[in-house]
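Read the structure below first, then the notes.
Counting starts at 1 for both ligands and their atoms, in listed order.
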Amino acid sequence: MSAETVSVTGWGRTAPSAARLVRPRSYAEARAAVRECGVRGAIPRGLGRAYGDAAQNAGGTVFDMTGLDRIRTIDADAGTVRCDAGVSLHRLMEVLLPLGWFVPVTPGTRQVTVGGAIGADIHGKNHHVSGSFSRHVTSLDLLTADGSVRTVTPGTPLFDATAGGMGLTGVILAATLRLLPVEASLMSVDTERAGDLDDLMARLTATDHRYRYSVAWIDLLARGAATGRAVLTRGDHAPLDALPARARRNPLTFRPSRLPAAPSLLPEGLLNRRTVGLFNEFWYRKAPRARAGELQTISAFFHPLDGVPHWNRIYGRGGFVQYQFAVRHGQEDALRRIVHRVSERRCPSFLAVLKRFGEADPGWLSFPLPGWTLALDIPAGLPGLGTFLDELDEEVAAADGRVYLAKDSRLRPDLLAAMYPRLADFRALRAELDPRGVFVSDLARRLNLQELS
Ligand SMILES: Cc1cc2nc3c(=O)[nH]c(=O)nc-3n(C[C@H](O)[C@H](O)[C@H](O)COP(=O)(O)OP(=O)(O)OC[C@H]3O[C@@H](n4cnc5c(N)ncnc54)[C@H](O)[C@@H]3O)c2cc1C
């Protein structure tokens with residue numbers, strides 16, 4: 001197994017750290033890698049789409065899990081797939097869609113691995129209906145710090161610590177997933193505009209239950225009466241009879257297109273209030289006031305950014321922060337205050353989405369809670385950003401909410417226990433499972449995720 005020392009970052013390209021990168025290609029190689037990882041420990045990594053430092057380990061080892069990439073068995077009658085943890089959701093879609101099956105949950109990119117999806121217990125536009133990714137996992141193989149491979153099933157403490165456990169309970173080697181049957185690879189999408197934040201929240205609350213998938217793009221540079229204006233896109237997999245005759249001949253085709261990669265040296269500051277303000281204005285005006293039943297491809301509906309490889313370079317060398325938080329139903333005023341503060345602060349954010357979550361998931365460090373989640377991208381070099389986000393964190397914690405660890409690169413550790421009430425259970429299980437602290441990451445060190453307090 002080859003090993004090289006490389007600089008590793010998350011998708012936001014902030015806080016790089018150097019680590020020994022090892023790429024196991026079998027269970028035996030993964031076991032050997034755990035045995036030999038050294039005193040600074042190791043962390044598994046998928047496709048590096050976590051924005052912050054979750055899949056980094058300064059001075060230690062990082063396991064690149066994309067070498068474990070086999071789809072092992074597909075039960076096309078029962079609708080399950082068993083695959084290695086390094087298989088991407090993109091690959092699963094390529095193989096499963098022609099058979100009439102879709103992944104149960106997809107985030108805003110297909111370029112994530114099954115291991116990363118379980119490690120962060122990711123959510124999609126269907127969280128209000130389907131919950132997070134790990135709800136659809138029927139079993140997983142976990143390589144723990146003692147070198148053993150355990151089969152872990154839902155409803156057990158080890159499963160609940162691993163779902164959303166950010167790679168800190170061990171290396172997920174393989175998993176079995178329940179799939180969603182679909183008749184076509186097209187989506188039927190309704191689009192509408194909301195004039196302000198209250199209008200947006202009222203529309204989502206009143207009619208989200210009609211849709212399997214729901215999300216709103218929100219213009220965080222709009223101010224005054226237009227604060228929180230938004231474009232809602234909601235929909236479901238199109239039934240066969242909604243397709244035009246031409247598309248019915250090959251209804252399960254999946255061939256996403258790709259544009260040229262974003263250039264590597266875009267100037268710093270290209271995304272400023274003026275350029276982003278112009279973009280947001282255009283995006284809002286371009287959306288129809290109301291349109292129903294538009295047919296869109298899976299990539300256009302779920303993963304528009306995947307069409308531009310390395311789009312994260314548009315933020316320049318300084319990179320960017322994605323800030324994502326959730327607050328419970330009943331805490332809408334906190335959400336309103338934060339949206340107003342971000343708008344008043346004039347953060348140049350063009351990627352901002354608001355979504356209503358369904359029930360919380362069993363994972364002890366899973367992010368979703370029944371309520372609202374807002375995610376926004378902000379250039380990391382924005383003056384005063386650290387202090388501003390610290391203040392937002394306090395507002396979120398005071399509202400009984402939390403920030404998403406898969407997006408985080410800067411949260412203060414003292415707020416974590418309030419945000420994640422099962423943190424003490426997580427630390428206790430880890431202390432028993434991994435007393436030498438073999439599994440550790442930059443995120444875990446920064447937030448004391450592994451320490452018993
Ligand atoms: C454009 C974009 C859109 C996104 N949209 C969403 C969204 O809608 N919803 C959402 O929830 N997230 C979203 N994300 C975040 C992304 O889904 C998660 O960060 C996911 O974990 C990334 O998977 P990965 O394979 O790249 O894992 P990495 O980023 O490499 O790692 C993420 C975490 O998983 C752990 N991990 C990885 N592989 C394993 C393994 N084999 N065993 C154990 N632990 C492992 C790592 O240790 C780390 O803690 C988005 C990211 C991007 C870039």
Side-chain angles (χ1 to χ4, degrees), residues 8-13 19 21 24 30 33-34 41-57 61-69 83-91 103 105-127 131-134 140-144 152 161-175 213 215 302-312 320 322 324 326 351 353 355 357 361 363 365-368 373 375 377 404-409 439-444 447 449:
V8 185
T9 72
W11 192 245
R13 302 173 68 241
L21 195 68
V34 168
I43 193 72
R45 178 179 177 92
L47 282 163
R49 262 37 178 206
Y51 282 75
D53 52 2
Q56 301 174 209
N57 181 20
T61 303
V62 169
F63 299 148
D64 170 357
M65 296 306 297
T66 59
L68 273 162
D69 60 357
C83 64
D84 286 350
V87 172
S88 69
L89 297 195
H90 174 84
R91 181 75 191 128
V103 295
V105 168
T106 177
T109 170
R110 300 182 297 280
Q111 301 300 338
V112 303
T113 61
V114 167
I118 300 170
D121 200 13
I122 60 168
H123 56 271
K125 296 179 183 187
N126 58 346
H127 187 273
S132 63
F133 193 88
S134 300
L140 57 87
D141 285 357
L142 185 72
L143 169 60
T144 47
V152 187
T162 301
M166 306 308 290
L168 295 166
T169 58
V171 185
I172 300 162
L173 297 171
Y213 301 101
V215 79
F302 290 109
H303 319 117
L305 290 165
D306 282 356
V308 186
H310 306 296
W311 64 264
N312 55 342
F320 67 109
Q322 179 159 104
Q324 182 168 5
L351 275 176
V353 293
K355 163 147 193 69
F357 275 150
D361 303 287
L365 299 186
S366 284
F367 169 64
T373 182
D377 285 2
Y404 189 10
L405 298 180
K407 307 285 178 79
D408 182 54
S409 52
F439 292 106
V440 64
S441 62
D442 290 356
L443 173 93
L447 292 177
L449 283 172

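- The side chain of Ile43, and not its backbone, has at least one atom closer than 4.0 Å to an atom of ligand 1 (non-hydrogen atoms only; side chain from C-beta on).
- Taking any N or O of Leu47, backbone or side chain, at least one lies under 3.5 Å from an N or O belonging to ligand 1.
- Heavy atoms of Tyr404 come nearer than 4.0 angstrom to ligand 1 in at least one pair.
- One option in Ala406, Gly116, Gly10 has a heavy atom closer to atom 37 (C) of ligand 1 than any other, and that option is Gly116.
- In terms of protein heavy-atom proximity, atom 18 (C) of ligand 1 is nearest to Ile122 CG2, 3.9 Å.
- Distances below 4.0 Å separate heavy atoms of Met166 from the following atoms of ligand 1: 47 (O), 49 (O).
- Remark: ligand 1 and Ala120 share no N or O pair separated by less than 3.5 Å (distance only, no angle test).
- Considering backbone and side-chain N/O of Ala55, none are found under 3.5 Å from N/O of ligand 1.
- Counting heavy atoms closer than 4.0 Å to ligand 1, residue Ala54 contributes atoms from both its backbone and its side chain.
- Looking only at side-chain heavy atoms (C-beta outward), Asp361 and Ser134 stay at 4.5 Å or farther from each other.
- Distances between N or O atoms of Gly119 and those of ligand 1 include no value under 3.5 Å.
- Residue contact check for ligand 1: Gly170 places a non-hydrogen atom closer than 4.0 Å to it.
- An N or O contact shorter than 3.5 Å links Ile172 to ligand 1 by distance.
- For atom 46 (C) of ligand 1, the nearest non-hydrogen atom of the protein is Pro44 O, 3.1 Å.
- Atoms of ligand 1 lying under 4.0 Å from at least one heavy atom of Ala85, given by number and element, are 41 (N).
- Using cut-offs of 30° and 60° on the angle between ring planes, the pair Phe320 and Trp311 is tilted.
- The distance between the ring centers of His127 and Phe367 does not fall below 6.0 angstrom.
- Residue contacts with ligand 1 for His123 involve both N, CA, C or O and side-chain atoms from C-beta outward (heavy atoms, distance under 4.0 Å).
- Residue Tyr51 touches ligand 1 through its side chain alone, judged by heavy-atom distances below 4.0 Å.
- Those atoms of ligand 1 with a heavy atom of Ala50 less than 4.0 angstrom away are 19 (O), 22 (C), 29 (O), 32 (C).
- Two residues are said to be in side-chain contact when any heavy atoms from C-beta on lie closer than 4.5 Å; Phe302 and Val103 fail this criterion.
- Side chains of Gln324 and Thr373: a donor-acceptor N/O pair is present below 3.5 angstrom, by distance only.
- Contact analysis puts Gly48 in contact with ligand 1, with a non-hydrogen atom separation below 4.0 angstrom.
- Contacts of Trp311 with ligand 1, taken as heavy-atom pairs under 4.0 Å, involve the side chain alone.
- Annotation for Arg45 and Gly48: closest pair NH2-CA, 3.5 Å, computed over non-hydrogen atoms.
- At a heavy-atom cutoff of 4.0 Å, ligand 1 is contacted by no atom of Lys125, backbone or side chain.
- Checked against a 3.5 angstrom limit, the closest N/O atoms of Gly108 and ligand 1 fall inside it.
- With a 4.5 Å cut-off on side-chain heavy atoms, Leu405 and Leu447 count as touching.
- Using a 4.5 Å cut-off on side-chain heavy atoms (C-beta onward), Tyr51 and Asp377 make contact.
- The Trp11 neighbourhood of ligand 1 comprises atoms 53 (C), with distances under 4.0 Å to a heavy atom of that residue.
- For a threshold of 3.5 Å applied to N or O pairs, the pair formed by Val171 and ligand 1 contains no separation below that value.
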